[in-house]
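Atoms considered below: every heavy atom in the structure, side chains included; atoms not considered: hydrogens, waters and symmetry mates. Naming: A, B, ... by sequence-line order, numbering from 1 per chain.
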Amino acid sequence: MTSPQPATAALQALVLATIEEMIPSDATAPNVQVDRSKAGFSSDFQTPAALQLAKVLRRSPRDIAADLAAKLTPRLGALAEAPDVSGPGFIGFRLSDDALQGYLEALSAAEHLGLEQAGGEHIVIDYSSPNVAKRMHVGHIRSTIIGDALARMGRALGYRVIADNHIGDWGTQFGQIIYAWDHWLDPAAYDSDPVGELQRIYIKFQTEAKEDASLMDAARAELAKLQAGDERNLALWKQFIAASRHVFDAVYDRLGVVFDVTNGESHYNDMLIPLVDKMHDEGRLIAIDGGALAVAFGDQDIERPKRMVVRKSDGAATYATTDLATVFYREQTWAPMRCIYVTDSRQKEHFQHVFSVVRDMDVTTDLQHVMFGIMSSPEGSLSTRAGNAIPLDELLDEATRRARASLEERLPADFDGDKDALAEMIGLGAVKYSDLSNNPASNIVFSWDKMLSFEGNTAPYLQYTSARTHSLLAKAAAAGLEPDGTTLKLADPLERDLLLHLMDFGPTVRAAFDQGKPNTLASWLYDVASKYHSWYAACPVLRSEDRELQISRLNLTRLAQRMLVRGLDLLGIGAPQRM
RNA sequence: GCGCCAGUAGCUCAGUAUGGAUAGAGCAGCGGCCUUCUAAGCCGCUGGUCGCAGGUUCGAUUCCUGCCUGGCGCACCA
């Protein structure tokens with residue numbers, strides 16, 4: 001449930017109470033909408049309630065609006081001025097300066113900046129999930145960045161988030177890698193770059209297997225040995241995981257991404273056969289040719305029946321079985337209210353199936369699939385097998401390099417901070433924001449220039465805004481001026497607009513989290529920066545003659561700064577004090 | 001064959017869950033603004049039959065139906 005910001009909520013309640021007096025007792029009041037007025041209107045908020053009532057009351061909307069506005073006037077008290085009626089019957093509200101001052105004071109005093117606090121319920125977020133023995137490439141960034149942003153937002157909203165990295169550390173590929181290890185390994189290359197070499201021989205296996213189908217059988221044999229507990233294969237497998245996790249961790253450290261647990265697919269191995277047996281006993285499975293067991297789904301297409309194999313004919317479980325076992329494990333371990341899966345949209349149907357199976361088996365956890373579109377290159381799809389994906393660390397290096405070059409041009413001579421750290425913050429911020437500012441559902445065509453742009457709607461623009469607020473507040477402090485968190489003097493429409501926008505921080509984070517759309521928060525932050533800059537250009541602070549106005553403007557600056565810094569942090573992006 | 005996602009300005013995208021007033025940004029283009037709190041900035045201009053056709057509604061980019069185009073899925077891979 002998304003709760004509106006305080007002023008909207010207050011107006012909604014007043015409009016609803018008034019409407020209920022106007023309609024017949026047997027009629028139901030329509031949903032009362034109260035929205036921010038669009039630019040160009042003198043009101044702050046507007047409601048189309050009178051239009052919605054026209055049918056119920058069988059009167060003209062303008063007439064109803066006039067009546068409703070008149071009845072509302074005494075009830076608004078000190079909250080707003082007398083409402084106006086415009087257009088076909090929209091009622092506009094303009095908050096009183098006193099009411100706005102109250103909201104400024106409340107937000108300035110609130111440690112949580114208007115973020116409503118849940119009661120510490122557990123929420124599991126499953127994201128990143130790279131495959132062992134492969135380098136992370138640009139295709140992995142979306143799940144990692146979106147999942148991390150959701151984890152940060154969930155914590156800020158008062159949930160106990162369990163960030164779980166469900167790494168791909170089991171399955172068919174390991175038979176292939178072990179076969180490749182025995183035939184093509186370059187030990188020297190493995191010593192210097194273990195994961196790079198594992199990936200190289202894995203790709204070689206894919207290429208060779210296309211020519212010689214018998215390789216697949218050989219790989220299956222190695223996999224069977226591994227699954228049966230063969231000591232050598234088991235040792236190799238553990239070695240691959242250790243090497244890969246070491247490399248993953250370096251990337252996560254750099255990105256500032258932290259997991260609470262890394263329960264890979266193999267973590268669930270012991271739970272799979274008992275689960276299949278249980279499902280079989282409960283009559284949930286059908287046998288298909290060769291002895292495999294599967295769950296069948298309704299609305300069967302004649303040509304291609306939809307089913308989910310949970311036990312192969314050789315007795316082994318599948319990734320689907322693992323996903324089922326994972327749900328049960330998490331429910332038993334944490335009893336979470338919600339579990340969020342951050343994966344690409346190709347897995348949508350798979351998760352629908354998994355969710356429907358476990359719900360039948362009395363799982364009550366709210367299961368949510370946050371899916372995102374596919375990243376491709378201008379030439380086509382990205383994949384490790386095809387070897388055309390840009391490694392993640394190369395992308396991050398290039399981002400930092402470009403940010404560093406930009407800093408060399410722009411930083412003043414007296415800058416005495418750590419330029420490398422600043423370049424890293426700006427470069428990585430740009431990469432993360434370019435992803436987070438898109439609706440996750442849309443597909444992305446990779447572009448260096450787009451991902452590493454520093455102007456317009458980008459992280460560096462937001463970071464720059466934050467740096468300006470720091471600079472201004474520092475100069476004010478040097479002149480003996482400090483924000484007091486209470487003074488508000490509105491001399492320009494732009495400051496009113498800025499404050500009204502800042503009042504939406506809490507509801508915006510709530511909506512972004514609930515909908516699994518960090519871009520909602522990114523977009524709100526961009527509006528903060530944009531409105532702040534317009535205001536900044538029009539409303540002098542230190543150069544103002546009026547001390548009350550100076551303090552008021554410092555209050556707006558301070559509040560905007562706190563929300564920018566906090567909001568960027570929720571996206572996993574740092575905010576420098578100077579840039 | 002069945003299903004999912006998308007189609008909004010020259011380009012890249014928001015907005016659509018809960019239908020509301022003239023559909024918003026960025027980039028690109030044109031014109032202004034740094035002796036004045038950081039020009040990664042600000043201000044202005046140019047640019048749209050919201051894929052097409054119907055329907056519901058006082059009102060549709062948003063909801064419904066059909067169609068067109070693009071992407072993806074429907075493995076004893078994960």
A:Y526 side chain near B:rG26 phosphate (N/O to OP1/OP2, under 4.0 Å): yes
Protein-nucleotide distance (A:D546, atom CG; B:rC37, atom P), rounded to Å: 20 Å
Can you tell me if CD on A:E545 sees more than 12 non-hydrogen neighbours from other groups inside 6.0 Å? no
Side chains of residues 62-69 of chain A: which donor-acceptor pairs under 3.5 Å do they make with residues two or more places apart or in other chains?
from: A:R62; atom 1: NH1; to: A:G87; atom 2: O; distance (Å): 2.7
from: A:D63; atom 1: OD2; to: A:R59; atom 2: NE; distance (Å): 3.3
from: A:D67; atom 1: OD1; to: A:K71; atom 2: NZ; distance (Å): 3.1
from: A:D67; atom 1: OD2; to: A:R59; atom 2: NH2; distance (Å): 3.4

The nucleotide from B:rU22, B:rA14, B:rG41 with an atom nearest the side chain of A:F41 is B:rU22
May I have the distance from A:E409 (atom CD) to B:rG41 (atom P), rounded to whole angstrom? 14 Å
Position toward the 5' end of RNA chain B (nearest nucleotide), A:T172 or A:F454: A:F454
Pull up the glycosidic torsion of B:rC42 and say syn or anti, syn being anything within 90° of 0. anti
Considering only the P atoms, how many Å lie between B:rU18 and B:rU38, rounded to the nearest integer? 46 Å
Where the side chain of A:R346 is defined as all heavy atoms beyond and including C-beta, which of B:rC42, B:rU38, B:rC72 is the nearest nucleotide? B:rC72
Considering all heavy atoms of both residues, which atom of A:E265 and which atom of A:T322 are nearest to each other, and what is their separation? O-CG2, 3.8 Å
Roughly how many Å is it from CG in A:L452 to P in B:rC27, rounded to a whole number? 16 Å
Assess the residue pair A:Y461 and A:F454 against the criterion (side chain to side chain contact (heavy atoms under 4.5 Å, CB included)); give the C-alpha distance rounded to whole Å, side-chain angles, the decisive distance to 0.1 Å, and a yes or no. CA-CA 7 Å; A:Y461 173 64; A:F454 295 161; over 6 Å; no
Is the phosphate of B:rC4 approached by A:K348 (side-chain N or O, under 4.0 Å from OP1 or OP2)? no
With a non-hydrogen cut-off below 4.0 angstrom, is A:N31 in contact with a base, only sugar-phosphate, or nothing? nothing
A:S437 side chain N/O closer than 4.0 Å to the phosphate oxygens (OP1, OP2) of B:rA25? no
Just N and O in the side chain of A:K312: are any of them under 4.0 Å from OP1 or OP2 of B:rC77? yes
Would the base of B:rA21 count as contacting A:S86 through its side chain, where contact means a donor and an acceptor less than 3.5 Å apart? yes
Distance check: side-chain N/O of A:S534 vs OP1/OP2 of B:rC43, anything under 4.0 Å? yes
Taking CD from A:Q46 and C1' from B:rG19, how many angstroms apart are they, rounded to a whole number? 13 Å
Can you check ring-ring contact (aromatic ring centres under 6.0 Å, His included) on A:Y464 and A:H533, steps first, answer last? CA-CA 10 Å; A:Y464 175 71; A:H533 265 128; 5.6 Å; yes
Considering only atom C1', compute the distance from B:rG24 to B:rU65 and round it to an integer number of Å. 30 Å
Could you spell out the base pairing of RNA chain B as a dot-bracket line? Use Watson-Crick and G-U wobble contacts where both distances are under 3.5 Å, [ ] for crossing pairs, | for partners on a different strand. (((((((..((((......[...)))).(((((.......))))).....(((((..]....))))))))))))....
If you only use heavy atoms from C-beta on, which nucleotide in B:rU16, B:rU12, B:rC42 is closest to the side chain of A:K517? B:rU16
Mind calculating the distance between OH (A:Y532) and P (B:rA40) to the nearest angstrom? 16 Å
OP1 or OP2 of B:rU38 under 4.0 Å from side-chain N/O of A:S471: yes
For the residue pair A:Q176 and A:Q206, confirm or rule out a side-chain donor-acceptor distance under 3.5 Å. yes
Of A:E455 and A:P48, the one whose nearest nucleotide on RNA chain B sits closer to the 5' end is A:P48
Please determine if a side-chain N or O atom of A:K475 lies less than 4.0 Å away from the OP1 or OP2 oxygen of B:rU38. yes
Distance-only criterion, 3.5 Å: show the donor-acceptor pairs between side-chain atoms of residues 439-448 of chain A and protein atoms not counting sequence neighbours.
from: A:N439; atom 1: OD1; to: A:A441; atom 2: N; distance (Å): 3.1
from: A:S442; atom 1: OG; to: A:N439; atom 2: O; distance (Å): 2.7
from: A:N443; atom 1: OD1; to: A:I374; atom 2: N; distance (Å): 2.9
from: A:S447; atom 1: OG; to: A:D449; atom 2: N; distance (Å): 3.4
from: A:S447; atom 1: OG; to: A:K450; atom 2: N; distance (Å): 3.0

Could you measure between the two C1' atoms, the one in B:rA9 and the one in B:rG51, and give it in whole Å? 15 Å
Is there a donor-acceptor contact under 3.5 Å linking the side chains of A:D169 and A:S266? yes
